[in-house]
There are 2 protein chains.
Amino acid sequence: MKTRARLADVAAAAGVSTATVSRALSHPEVVGEETRARVMEAVQATGYRINAAARDLRQQRARSILVLAPNLANTFFSRIIAAIQEVAGAAGLTVQISDSRAEAARLATLGHDGRADGIILLDGSLDPEMVRGWPLPMVELCEWNPAYDLPGLAIDNEAAVALAVEHLADLGHRRILHVAGPQDNVLGTSRLTGFWQAVAARGVEGLEVAGDFTMRSGAQAARNWATMPDRPRAVFAASDECAFGFMSECAKMGIAVPGDVSVVGFDDVDFADRYIPALTTIHQPRARLGRRAAESLIAALTEGRPLPRKRELIEAHLVIRGSTSAAPR
Amino acid sequence: MKTRARLADVAAAAGVSTATVSRALSHPEVVGEETRARVMEAVQATGYRINAAARDLRQQRARSILVLAPNLANTFFSRIIAAIQEVAGAAGLTVQISDSRAEAARLATLGHDGRADGIILLDGSLDPEMVRGWPLPMVELCEWNPAYDLPGLAIDNEAAVALAVEHLADLGHRRILHVAGPQDNVLGTSRLTGFWQAVAARGVEGLEVAGDFTMRSGAQAARNWATMPDRPRAVFAASDECAFGFMSECAKMGIAVPGDVSVVGFDDVDFADRYIPALTTIHQPRARLGRRAAESLIAALTEGRPLPRKRELIEAHLVIRGSTSAAPR
DNA sequence: CAGGGCCATGTAATCGATTACAACAGGCGA
DNA sequence: TCGCCTGTTGTAATCGATTACATGGCCCTG
């Protein structure tokens with residue numbers, strides 16, 4: 001087998017034209033039964049495989065979607081991406097991934113070179129000009145940025161935060177510390193906003209310390225918190241990772257969770273359930289988010305069904321585990 | 001802006017032929033300085049972006065690599081994939097991902113449709129016939145399968161396991177339990193083999209219980225272990241996740257780690273350092289593995305540098321943290 | 001000044017499919 | 001029997017780039 005068989009080779013083998021072979025493969029119903037059989041046989045015999053580049057060029061589509069996330073290594077994103085890939089694969093589309101923090105020129109190219117038919121954006125911090133310049137259907141997922149002016153899907157972060165605050169308040173906590181996310185990120189800011197709204201609504205005292213979603217920042221927050229004169233006994237971290245960092249640092253300092261301090265996280269990553277103690281947290285249905293985003297984008301691509309115009313919010317729920325307990329009286 | 005500008009549009013705008021435009025863009029040095037400037041101006045003016053499908057078709061390459069992993073959601077793989085993407089992106093290649101457990105026909109197509117120039121395989125359980133049939137450069141990473149007959153890169157699992165066993169033995173443990181990985185997986189089997197070799201070499205007693213790398217199986221193993229009449233005080237889990245499962249179940253049963261039992265994991269995932277207690281484990285340099293695999297594949301693709309013929313093993317090391325302590329005397 | 005070589009550029013073939021349109025055969029109704 | 005319709009197949013244009021080869025101008029050398 002020297003070179004790959006082309007459509008023309010199959011046509012020659014079957015004694016028909018390339019048009020017929022093409023039709024036999026993509027629109028079998030318009031080809032005569034006997035001819036079709038002969039073509040299929042020739043396909044087998046030659047080991048023919050379609051050349052995607054040629055088909056894509058002619059059809060002006062790439063049968064591929066691009067997923068942009070700020071950190072591909074993060075377990076939060078990987079679960080979502082897996083779900084996207086699953087849906088896309090089932091629809092016969094490939095998935096390209098790229099770190100959205102890559103060099104800007106390279107990133108811009110990805111949306112312009114025709115190798116993707118649509119984009120799923122997991123990053124709200126891209127240059128809006130660049131994003132709006134991409135001539136493709138796009139959806140935002142989890143994060144969002146009004147300047148993109150795109151349809152999107154996310155959980156209702158503020159409502160979710162309220163669940164966490166309510167839970168702690170229900171346990172009798174009157175003072176709650178929020179280890180915030182980065183304030184250059186919509187998730188960070190909306191969770192912070194939600195926090196202040198929720199404590200105000202519930203009439204409990206709120207406190208705030210800076211963070212950036214990472215375990216390291218959670219640990220740092222714990223060290224700061226530990227030095228507070230009258231430290232709050234309830235902590236709401238802006239992410240699970242942050243909560244893990246906080247709790248692990250507590251353990252180092254000999255502070256018990258939830259005995260000395262109750263901790264709530266956000267995301268419900270896979271490890272939350274198996275942390276010690278198991279982490280009370282907001283569950284983000286990551287697989288579902290990924291699946292739904294992929295489905296609506298793919299429907300837009302393949303059936304021309306228009307994308308929704310607005311951002312859609314789905315409800316997240318609280319999962320109560322061992323890291324929270326009643327406030328000491 | 002009705003349709004995207006093509007090379008011909010740029011050529012018209014610059015008053016040159018398409019050949020000149022093409023050359024000005026990809027081989028600037030062969031084009032006259034003044035002409036080049038005029039072309040660049042026309043590119044700006046028309047907003048021209050190359051059509052990748054056309055270029056790929058003509059050049060018979062896709063500028064893309066395909067990464068196949070058995071579970072894209074797994075944090076172990078995602079770190080590796082991120083590194084691959086980073087290297088590939090810097091080299092101007094896109095990265096396609098697919099779950100290698102997808103339907104076989106779809107998977108086979110991925111290697112044949114010409115949309116990838118090379119493949120990085122993170123799964124040793126694929127149909128060897130299919131893998132050998134792919135007419136592309138490939139490398140195996142982390143996992144391997146002799147039937148693929150491919151170059152590969154992985155840590156020396158058996159040597160790594162020996163480090164774990166040595167560490168436990170050095171702490172005075174004479175009886176060590178291995179919570180094994182799945183035996184239909186090379187990593188599972190090679191770690192098990194390594195375990196038996198290491199205990200024999202060190203002259204300590206080994207015990208074995210089945211598992212499959214998951215937290216769930218680790219938890220199950222802990223429950224079994226707890227019922228053993230004379231239970232070993234040292235456990236080596238085939239993966240960090242398994243170790244987390246084991247430890248979390250211990251916590252539920254009121255068994256202290258490392259007080260009552262020392263636990264060693266394998267992989268050093270991001271959370272290992274922040275678990276409670278922090279997990280002693282074998283560090284797999286996942287970013288480095290991903291980077292090196294990507295680099296050698298890309299070198300083969302772009303410079304024609306041949307891939308190594310054999311599998312390459314790199315050393316892993318042990319990270320000692322809080323989950324292990326001296327055996328009680 | 002003729003001839004050779006080099007440089008810059010243009011012409012046109014090419015990559016491998018899809019698809020608009022043409023052509024042809026056979027069946028059927030008028 | 002003629003003309004039309006339907007169903008099947010072929011011819012050739014097309015997608016948008018790259019690149020082998022041809023061309024023409026210019027400079028240099030003998």
Side-chain angles (χ1 to χ4, degrees), chain A residues 2-40 42-43 46-64 92 109 112-117 135 302, chain B residues 2-40 42-43 46-64 92 109 112-117 135 302:
Chain A
K2 43 244 70 162
T3 63
R4 290 179 43 181
R6 292 157 309 158
L7 202 59
D9 300 325
V10 178
V16 298
S17 73
T18 61
T20 299
V21 177
S22 175
R23 283 187 290 247
L25 293 174
S26 21
H27 308 286
E29 69 283 1
V30 305
V31 173
E33 193 165 342
E34 195 212 342
T35 314
R36 195 191 322 151
R38 221 166 55 240
V39 169
M40 292 311 180
V43 166
T46 54
Y48 171 74
R49 304 283 181 161
I50 198 167
N51 179 314
R55 187 235 270 132
D56 291 349
L57 171 60
R58 177 61 224 239
Q59 297 191 328
Q60 303 284 61
R61 49 195 296 234
R63 288 178 158 74
S64 183
T109 300
H112 279 296
D113 65 5
R115 306 170 86 164
D117 296 325
T302 61
Chain B
K2 43 241 70 162
T3 62
R4 293 179 40 180
R6 293 157 310 157
L7 200 58
D9 300 324
V10 179
V16 298
S17 72
T18 60
T20 299
V21 178
S22 175
R23 284 187 289 248
L25 293 173
S26 23
H27 309 285
E29 70 283 1
V30 305
V31 173
E33 194 166 338
E34 195 210 343
T35 312
R36 197 192 318 152
R38 223 167 51 242
V39 169
M40 292 311 179
V43 166
T46 53
Y48 171 74
R49 303 285 182 160
I50 197 166
N51 179 314
R55 187 235 270 134
D56 291 350
L57 171 60
R58 177 60 223 239
Q59 297 191 328
Q60 303 284 61
R61 47 195 300 232
R63 288 178 158 73
S64 183
T109 300
H112 278 296
D113 67 4
R115 307 172 85 164
D117 295 325
T302 61

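Lettering of chains follows the sequences in order, A, B, ..., and the numbering in each one begins at 1.
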According to a strict under-4.0 Å criterion, is A/S22 in side-chain N/O contact with OP1 or OP2 of C/dA17?
no

Nucleotide C/dT18, atom P - distance to CG of A/L25 in whole Å
8 Å

In whole Å, I'd like the distance from the NE2 atom of A/H27 to the C1' atom of C/dT18.
8 Å

Record whether the side chain of A/R58 comes under 3.5 Å of the base of D/dG16 through a donor-acceptor pair of N or O atoms.
no

Which atom names give the shortest non-hydrogen contact between A/R38 and A/A14, and what distance separates them?
NE-O, 3.1 Å

How close do A/S22 and A/L7 get, heavy atom to heavy atom, and via which atoms?
CB-CD2, 3.9 Å

Let's see if you can work this out: which of D/dT11, C/dT18, C/dT19 has an atom nearest to the side-chain heavy atoms of A/S17?
D/dT11

Just how far, in rounded Å, is C1' of D/dT18 from CG of B/D56?
12 Å

Using atom CD of B/E33 as one end and atom C1' of C/dT9 as the other, report the distance to the nearest whole Å.
16 Å

Nearest-Å distance, CG (A/N51) to C1' (D/dA17)?
14 Å

B/L57 side-chain proximity, nearest of C/dG16, D/dG10, C/dA8:
C/dG16

From A/D117 CG over to A/Q59 CD, what is the distance, rounded to the nearest 0.5 angstrom?
10.5 Å

Looking only at side-chain N and O atoms, does B/Y48 come under 4.0 Å of OP1 or OP2 in D/dA17?
yes

Roughly how far, to the nearest 0.5 Å, is CG of B/L25 from OG1 of B/T20?
10.5 Å

Expressed in angstrom and rounded to an integer, what is the separation of A/L7 atom CG from D/dT11 atom C1'?
14 Å

Quick one: does any side-chain atom of B/R36 pair with a main-chain N or O of B/P28 as donor and acceptor, under 3.5 Å?
yes

Using a cutoff of under 3.5 Å, can you pull out all pairs of nitrogen or oxygen atoms linking the protein to nucleotides 5-7 of chain C, with atom names and distances?
none

Phosphate OP1/OP2 of C/dG16 contacted by B/Q60 side-chain N/O (<4.0 Å):
yes

Nearest whole Å is fine: how far is D/dT8 P from A/E34 CD?
12 Å

Minimum-distance pair of heavy atoms, taken over all atoms of A/L57 and A/Q60:
O-OE1, 3.1 Å

Quick one: closest heavy-atom pair of A/A11 and A/V21, and the distance?
CA-CG2, 3.6 Å

Between the base of D/dT18 and the side chain of B/R55, is there any donor-acceptor pair under 3.5 Å?
no

Would you indicate, yes or no, if D/dG10 has its OP1 or OP2 atom less than 4.0 angstrom from a side-chain nitrogen or oxygen of A/T20?
yes

Is there a side-chain polar atom (N or O) of B/R6 under 4.0 Å from OP1 or OP2 of D/dG16?
yes

Side-chain donor or acceptor of A/R23 under 3.5 Å from a matching atom on the base of D/dG10?
yes

Contact class for B/R61 vs. all strands (heavy atom < 4.0 Å): base, sugar-phosphate, or nothing?
nothing

Whole-Å distance between C/dA17 P and A/R49 CZ?
13 Å

Tell me the closest heavy-atom pair linking A/R4 and A/I50, and the distance in Å.
NH2-O, 3.3 Å

